[in-house]
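What follows is a short report on a single structure.
Atoms within a ligand are numbered from 1 in the order they appear, just like the ligands themselves. Scope of the values below: all heavy atoms of this structure, side chains included, with no hydrogens, waters or symmetry mates. In what follows, residues are counted from 1 in the order of the sequence shown.
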Amino acid sequence: MRRMDGKICVVTGAARGIGRAIAACLHNEGGIVIATDLDEAAGAATAAEIGCRFEKLDVREEVDWIRLAQRLPSADVVVNNAGITGFESGPVAHDPENVSLTDWREVHRTNLDGTFLGCRYAIGAMKGRGTGSIINISSRSGLVGIPLAAAYASSKAAIRNHTKSVALYCAGQGWKIRCNSVHPAAILTPMWEAMLGTGPDREAKMSALVSDTPLKRFGTPEEVASIVLMLASDDATYLTGTELNIDGGLLAGSAASPG
Ligand code: NDP
């Protein structure tokens, strides 16, 4: 008996990175995984490699969620993973003084509106059986201020809080629908590639980026996926409204501690 046997699991932003690892992990544990992504070609290719189903879904678009609900009216696990930093097209000002309203809204549209819609879909797809697990991928950036990525940090902080509202709402309805947030930091995915490059200084850049991380390395998408699996499974039936940091110890103490 595998931990996800027969469970219907929806994962957003599953074409690559953390979402892909989550989809593969849930599939390997027996889940009936529906990998979704904005990018139809990449998403379908990933799903074929994993051996799961693919549905195109732009998390920002309510019509996409409505279509998914029609095609997939019930679900046991929904992982709201899709997210953007706002730097996908290159460096742009995202500090509180200079970030444009357009850029600010675009980051919130994907990260926060997408998670709100995903939670709403999940509740609709779970309440019939009154059970399920919603996992929202927030970030370490949702727990601390990030001056040069203020929109990203704000959107991820809002995900953390909305997770608790969803958890309390579902518990209040008498459903066993749990909702928790996961807060990764420095996970080596394509999100970092533009910054790291492929030059001879790649290793030095990586070391510098994790110099404040107690474990002194990047995490892997699989390390996030195994925590998501735990939250999705019956190992976590008493966990709701909580947040799990997966950050190599970064938030355990102050980077400025003596010695
Ligand atoms: P990636 O950029 O590697 O992957 C994100 C995936 O989401 C891509 O396939 C992307 O598609 C897709 N996506 C983007 N916008 C949408 C949308 N509107 N609808 C559907 N899919 C979309 O990111 P990661 O795997 O690194 O990150 C996954 C999650 O983890 C994000 O929420 C991120 O904020 C969070 N996170 C990541 C950390 C890290 O260090 N990597 C640290 C903390 C949090 P496309 O390629 O077409 O844009």
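Using a 4.0 Å cut-off between a side-chain N of Lys or Arg and a carboxylate O of Asp or Glu, Arg129 and Asp76 qualify as a salt bridge. The existence of a salt bridge linking Glu55 and Arg53 is confirmed by a sub-4.0 Å separation between a basic side-chain nitrogen and an acidic carboxylate oxygen. A salt bridge links Glu61 to Arg109: one of the charged nitrogens lies within less than 4.0 Å of a carboxylate oxygen.
Between Ile18 and ligand 1, a contact under 3.5 Å exists for at least one N or O pair. By the 3.5 Å distance cut-off applied to N or O atoms, Ala14 is not counted among the residues near ligand 1. Ligand 1 has no nitrogen or oxygen under 3.5 angstrom from a nitrogen or oxygen of Gly19.
Those atoms of ligand 1 that come under 4.0 Å of a heavy atom in Ala186, given as number and element, are 40 (O). Near Ala15, meaning under 4.0 Å from one of its heavy atoms, ligand 1 places the atoms 9 (O). Near Trp192, the atoms of ligand 1 lying under 4.0 angstrom from a non-hydrogen atom of the residue are 39 (C), 40 (O), 41 (N). The distance from ligand 1 to the heavy atoms of Gly83 drops below 4.0 Å at these ligand atoms: 31 (C), 32 (O). Heavy-atom contacts of Gly13 reach the following atoms of ligand 1: 6 (C), 7 (O), 12 (C), 21 (N) (cutoff under 4.0 Å). Close approach of ligand 1 to Tyr152 (heavy-atom distance below 4.0 Å) involves ligand atoms 33 (C), 34 (O), 35 (C), 36 (N), 43 (C), 44 (C). Using a 4.0 Å cut-off to heavy atoms of Pro190, the atoms of ligand 1 that qualify are 3 (O).
Of all heavy-atom pairs spanning Val59 and Trp65, the tightest one is O-NE1, 3.0 Å. Of all the heavy atoms in Gly86 and Glu88, the pair that sits closest is N-OE1, 2.9 Å. Between Thr115 and Asn80 the shortest heavy-atom distance is O-ND2, 4.0 Å.
When the options Arg16, Lys56, Met191 are ranked by their closest heavy atom to atom 2 (O) of ligand 1, first place goes to Arg16. Scanning Ser138, Ala21, Pro221 for the heavy atom closest to atom 44 (C) of ligand 1 points to Ser138. Considering Asp37, Asn81, Ile137 only, the shortest heavy-atom separation from atom 32 (O) of ligand 1 involves Asn81. Looking at Leu38, Asn111, Asp58, it is Asp58 that brings a heavy atom closest to atom 18 (N) of ligand 1.
The protein heavy atom nearest to atom 42 (C) of ligand 1 is Pro184 O, 3.6 Å. In terms of protein heavy-atom proximity, atom 47 (O) of ligand 1 is nearest to Asp39 CB, 3.4 Å. Here the protein heavy atom with the shortest distance to atom 24 (P) of ligand 1 is Thr189 OG1, 3.6 Å. Nearest to atom 13 (N) of ligand 1 among the protein's heavy atoms is Ala82 CB, 4.1 Å. At the shortest separation from atom 14 (C) of ligand 1 among protein heavy atoms lies Ile84 CG2, 3.9 Å.
By the criterion of a heavy-atom distance under 4.0 Å, both the backbone and the side chain of Ile187 are placed next to ligand 1. Contacts between Glu88 and ligand 1, counted as non-hydrogen atom pairs separated by less than 4.0 Å, are absent for every part of the residue.
Surrounding CZ of Arg67 are more than 12 heavy atoms belonging to other residues, nucleotides or ligands, all under 6.0 Å away.
Ligand 1 has at least one atom lying under 4.0 Å from a heavy atom of Leu57. Under a 4.0 Å heavy-atom criterion, Gly219 is not in contact with ligand 1.
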